[in-house]
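Letters A, B, ... mirror the listed sequences (proteins, then strands); counts begin at 1.
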Amino acid sequence: MPIIESHLLQPGQQQFGQQIYNGLDVCLTFEIRQEMGTLFNHTPIIYEFEKALQAPALEMMLRGFLIDERERQEGIRLLEAQTTRLDNLLQAMAWAVWGKGVNPNSPKQLIDFFYGAMKLPEQWISAKGVKRLSTNREALEKLDVYLYARPLIACILALRDCSKQLSVLRTEIDSDQRMRTSYNIAGTETGRWSSSQSSERTGTNLQNLSPRLRKMFVADPGWKLCGIDLEQAESREVGWQHGILYEDWTYLDACYSGDLHTITARLVWPNLPWTGNGKQDRAIADRIFYREFTYRDMSKRGGHGTSYYGTPFTMARHLKVPVRVMENFQKSFFEAYPGFRKWHQGIALELQTTHRLVTPFGRERHFFGRSNDDATLREAIAYVPQSSTADRLNLILWRIWYHMGTRVRIMAQVHDALYFQYRESDDEAEVIAKALGYFSIPMEHTSPGGKKHSLVVPGEAKIGWNWGNQVTQGDVDKAVARGLTPPRLNPDGLIKWKGSDSRVRTEQPTGLLARIF
DNA sequence: GACCCCCGCCAC
DNA sequence: AAACGTGGCGGGGGTC
């Protein structure tokens with residue numbers, strides 16, 4: 001709260017009032033810093049690390065990401081046309097039902113419409129101990145069995161999807177055609193960054209863009225984009241915990257095997273005719289297990305939830321399979337990887353005793369929730385792998401920023417992936433190899449028997465001229481053959497880096513060269 | 001009109 | 001009884 005109501009002052013005085021306010025604010029920060037000195041009984045390594053991250057974060061925030069205006073306008077045009085078409089349909093149907101229109105983005109109106117006027121069965125959801133009527137996607141999909149509601153539901157879900165995408169496409173960008181975000185380095189419980197609209201109130205969160213919206217983010221003229229993901233980062237951190245704490249290396253070994261999900265499928269369903277041959281076993285894992293789900297699908301989607309103490313009930317809902325199926329899956333999964341039970345119990349014990357966890361990166365977190373509450377336990381179980389992955393990625397980001405200097409420009413951070421651009425005139429293979437070199441973070445462990453183990457999380461690089469994935473004519477043809485809506489061509493999009501790229505940029509961002517040169 | 005909460009939904 | 005974690009944003013719709 002400003003100590004002087006700024007609207008009561010003249011412009012000159014207003015500035016003075018804000019200076020007083022800012023001055024006092026800085027004093028508070030200073031006092032907190034002094035107190036912190038007495039709190040640390042060790043080198044405040046994470047605090048120093050986060051201070052170091054300010055430089056690359058601020059650089060990204062100042063730089064912004066170039067927007068291809070033509071692509072943005074085209075996206076808006078297509079979505080507006082689709083919205084008009086769908087909304088006309090929806091309103092015509094709504095009038096037929098209750099003699100007036102309905103707003104697909106108003107839960108209140110939809111509750112009146114579906115559960116009142118149409119008398120469909122009410123769909124209740126419960127969250128944080130509160131039950132409420134819902135018209136979210138899951139609720140509407142349950143109403144989809146009523147044939148007369150089906151076209152309405154299809155329209156509403158499609159319209160929500162359109163409006164969600166339009167809001168991102170219409171986000172205000174800065175006058176230099178760049179979208180800027182504000183990264184908050186210390187904004188989460190785990191050490192992940194958060195991202196929100198910029199300090200000028202332009203731009204938006206750049207960490208939750210759906211893939212089809214990413215195409216409008218493009219490399220600067222003369223530059224090319226590289227994105228590097230951490231491969232199975234959280235799973236490997238989980239496997240590492242099982243190993244260093246309980247000497248169970250089964251899960252980490254499965255991660256290293258090259259196909260975690262097929263290995264899991266082998267362990268969970270040992271009586272299938274596995275051969276030990278990678279290709280043949282993959283084919284077996286790709287057989288249908290239940291409805292459209294393959295054994296491998298179950299291992300992949302069920303494994304992640306089970307790792308984080310998901311209940312059979314929730315996971316069954318998520319995968320849309322009977323609870324019984326998930327119960328059997330979990331039982332086998334825990335037998336296949338005994339480290340999970342020990343790890344979950346170990347964390348529960350830690351919550352009861354120290355209320356505190358420390359990650360392999362030295363990040364300490366105190367848990368203030370009730371230590372016998374399942375919700376607290378789930379937070380704690382997720383903490384170490386999620387936090388470690390954040391610190392791992394940010395350490396690599398810092399190294400690339402610090403050591404590669406002006407050769408690269410860091411563009412974005414998305415929790416387990418980073419994006420930078422490099423000059424098209426540069427030696428592409430060398431730049432990427434150098435960046436990948438910074439992904440090495442050695443962690444070693446010697447088992448009681450003397451066997452050495454190490455944690456390795458490789459980086460996987462992609463390259464292109466915009467942030468979308470490449471879409472070729474072949475991809476379009478494939479979609480048409482399957483009767484799907486064909487995706488839009490994107491020859492300049494990201495492709496997996498395999499040592500070279502023979503492409504040439506086909507689309508130059510519009511109206512920019514004149515502005516820059 | 002400013003402010004706030006709820007809802008739904010996007011990402012990793 | 002509750003039901004897998006971490007975030008941020010826009011629209012609706014209420015209050016003041």
Undergrad: With no hydrogens and no angle check, just 3.5 Å: does a side-chain donor-acceptor pair link A:Thr264 and A:Tyr337?
TA: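 Yes, because at least one side-chain N or O of A:Thr264 sits under 3.5 Å from a partner of the opposite role on A:Tyr337.
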
Undergrad: Starting from P on B:dC10, measure out to CD on A:Glu138 and report it in whole angstrom.
TA: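 Result: 13 Å.
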
Undergrad: Does the side chain of A:Asn208 get closer than 4.0 angstrom to OP1 or OP2 of C:dC9 through an N or O atom?
TA: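 Looking at the OP1 and OP2 atoms of C:dC9, neither is under 4.0 Å from any side-chain N or O of A:Asn208.
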
Undergrad: Under 4.0 Å: is that the gap between some side-chain N or O of A:Arg132 and OP1 or OP2 of B:dC7?
TA: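 Affirmative; the distance criterion is met.
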
Undergrad: So what does A:Gln197 hit on the nucleic acid, given a heavy-atom distance under 4.0 Å: a base, only sugar-phosphate, or nothing?
TA: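 The residue A:Gln197 makes sugar-phosphate contact but no base contact.
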
Undergrad: Using a 4.0 Å heavy-atom cut-off across all strands, classify A:Arg301 as base, sugar-phosphate, or nothing.
TA: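 Nothing, no heavy atom under 4.0 Å.
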
Undergrad: Would you indicate, yes or no, if C:dG5 has its OP1 or OP2 atom less than 4.0 angstrom from a side-chain nitrogen or oxygen of A:Arg378?
TA: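 Yes, A:Arg378 has a side-chain N/O under 4.0 Å of OP1/OP2 on C:dG5.
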
Undergrad: Is there a donor and acceptor pair, one atom on the side chain of A:Lys164 and one on the base of B:dC10, closer than 3.5 Å?
TA: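 It does not, because no donor-acceptor pair links the side chain of A:Lys164 to the base of B:dC10 below 3.5 Å.
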
Undergrad: Would you indicate what A:Ser163 reaches in the nucleic acid, counting non-hydrogen atoms under 4.0 angstrom: base, sugar-phosphate, or nothing?
TA: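 No contact.
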
Undergrad: Need one value for A:Thr135: base, sugar-phosphate or nothing, where a base atom within 4.0 Å counts as base even if backbone is also close, heavy atoms only.
TA: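 Sugar-phosphate only.
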
Undergrad: Expressed as a whole number of angstroms, how long is the span from A:Arg201:CZ to C:dG10:P?
TA: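 Taking CZ of A:Arg201 and P of C:dG10, I get 9 Å after rounding.
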
Undergrad: May I ask you to say whether A:Arg365 pairs ionically with A:Glu379, meaning some side-chain N is under 4.0 Å from a carboxylate O?
TA: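 The answer is yes: the pair qualifies as a salt bridge.
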
Undergrad: Work out how far the P atom of C:dA3 is from that of B:dC7, and round it to whole angstrom.
TA: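 Nearest-Å result for C:dA3 against B:dC7 at atom P: 16 Å.
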
Undergrad: Considering every strand and a 4.0 Å limit on heavy-atom distances, what is the contact class for A:Arg192: base, sugar-phosphate, or nothing?
TA: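 A:Arg192: base contact, heavy atoms under 4.0 Å.
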
Undergrad: Using the side-chain heavy atoms of A:Thr311, tell me which of these nucleotides is nearest: C:dG12, C:dA3, B:dC12.
TA: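 Side chain of A:Thr311 sits closest to C:dA3.
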
Undergrad: Pick base, sugar-phosphate or nothing for A:Gln109, based on heavy-atom distances below 4.0 Å to the nucleic acid.
TA: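 Here A:Gln109 touches the backbone only, sparing every base.
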
Undergrad: Taking atom CZ as the centre, does A:Phe361 end up with more than 12 heavy-atom neighbours from other residues, nucleotides or ligands that are less than 6.0 angstrom away?
TA: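 More than 12 within 6.0 Å, yes.
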
Undergrad: I want to confirm an ordering. Mapping A:Thr204 and A:Ser106 to their closest nucleotides on DNA chain C, which one lands closer to the 5' end?
TA: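 The 5'-side residue here is A:Thr204.
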
Undergrad: Look at the side chain of A:Arg296 and the backbone N and O of A:Ala285, then say whether any donor-acceptor pair between them is shorter than 3.5 Å.
TA: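 Judged by distance alone, no pair lies under 3.5 Å.
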
Undergrad: Return the value, rounded to whole Å, for the distance between atom CZ of A:Phe313 and atom P of C:dA2.
TA: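 One finds 12 Å between P of C:dA2 and CZ of A:Phe313, rounded.
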
Undergrad: What does A:Ser387 touch in the nucleic acid at a heavy-atom separation under 4.0 angstrom: a base, only the sugar-phosphate, or nothing?
TA: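 It contacts nothing in the nucleic acid.
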
Undergrad: NA contact type, A:Pro211, heavy-atom cut-off 4.0 Å: base, sugar-phosphate, or nothing?
TA: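 Since only primed, P, OP1 and OP2 atoms lie under 4.0 Å of A:Pro211, the category is sugar-phosphate.
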
Undergrad: What nucleic acid atoms does A:Glu379 come within less than 4.0 Å of, heavy atoms only: base, sugar-phosphate, or nothing?
TA: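 The answer is sugar-phosphate, as A:Glu379 gets under 4.0 Å only of primed atoms, P, OP1 or OP2.
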
Undergrad: What's the closest nucleotide to the side chain of A:Ser134 if the choices are B:dC12, B:dG8, C:dG12?
TA: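 Per side-chain heavy atoms of A:Ser134, the pick is B:dG8.
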
Undergrad: Counting any heavy atom closer than 4.0 Å, what does A:Lys108 reach on the DNA or RNA strands: base, sugar-phosphate only, or nothing?
TA: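 The residue A:Lys108 makes sugar-phosphate contact but no base contact.
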
Undergrad: Would one find a side-chain N or O of A:Thr188 under 4.0 angstrom from OP1 or OP2 of C:dG7?
TA: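 Checking A:Thr188 against C:dG7: no side-chain N or O falls below 4.0 Å of OP1 or OP2.
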
Undergrad: Quick one: CG on A:Leu418 to CH2 on A:Trp398, what's the gap to the nearest 0.5 Å?
TA: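 Atom-to-atom, A:Leu418:CG and A:Trp398:CH2 are 14.5 Å apart.
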
Undergrad: Nearest of C:dT6, B:dC12, B:dC7 to any side-chain atom of A:Glu189?
TA: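 Nucleotide nearest to A:Glu189's side chain: C:dT6.
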
Undergrad: Just the rounded figure in Å: distance from C1' of B:dC9 to CD of A:Glu141.
TA: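 It is 13 Å, rounded to the nearest whole Å.
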
Undergrad: For A:Asp374, which contact category applies under a 4.0 Å heavy-atom criterion: base, sugar-phosphate, or nothing?
TA: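 Touches nothing.
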
Undergrad: In whole angstrom, what separates A:Phe113's CZ from C:dG12's P?
TA: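 For the pair A:Phe113 CZ and C:dG12 P, the rounded distance is 17 Å.
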
Undergrad: Taking CD1 from A:Ile185 and P from C:dG7, how many angstroms apart are they, rounded to a whole number?
TA: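 Taking CD1 of A:Ile185 and P of C:dG7, I get 16 Å after rounding.
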
Undergrad: Between A:Gln241 and A:Glu237, does any side-chain donor sit less than 3.5 Å from a side-chain acceptor?
TA: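 Checked: A:Gln241/A:Glu237 side chains show no N/O donor-acceptor pair below 3.5 Å.
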
Undergrad: Would you kindly give the NE2-to-P distance between A:His415 and C:dG5, to the nearest whole Å?
TA: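 Result: 16 Å.
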
Undergrad: With the side chain of A:Ser194 defined as its heavy atoms from C-beta on, choose the nearest nucleotide among C:dG8, B:dC10, C:dG5.
TA: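 Shortest atom-to-atom distance from the side chain points to C:dG8.
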
Undergrad: A:Tyr251 and A:Phe340: aromatic ring centres closer than 6.0 Å?
TA: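 Judged by ring-centre distance (under 6.0 Å), A:Tyr251 and A:Phe340 do meet the cut-off.
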
Undergrad: Measure from CD1 on A:Ile111 to P on C:dG11 and round the result to the nearest Å.
TA: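 Atom CD1 in A:Ile111 sits about 20 Å away from atom P in C:dG11.
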
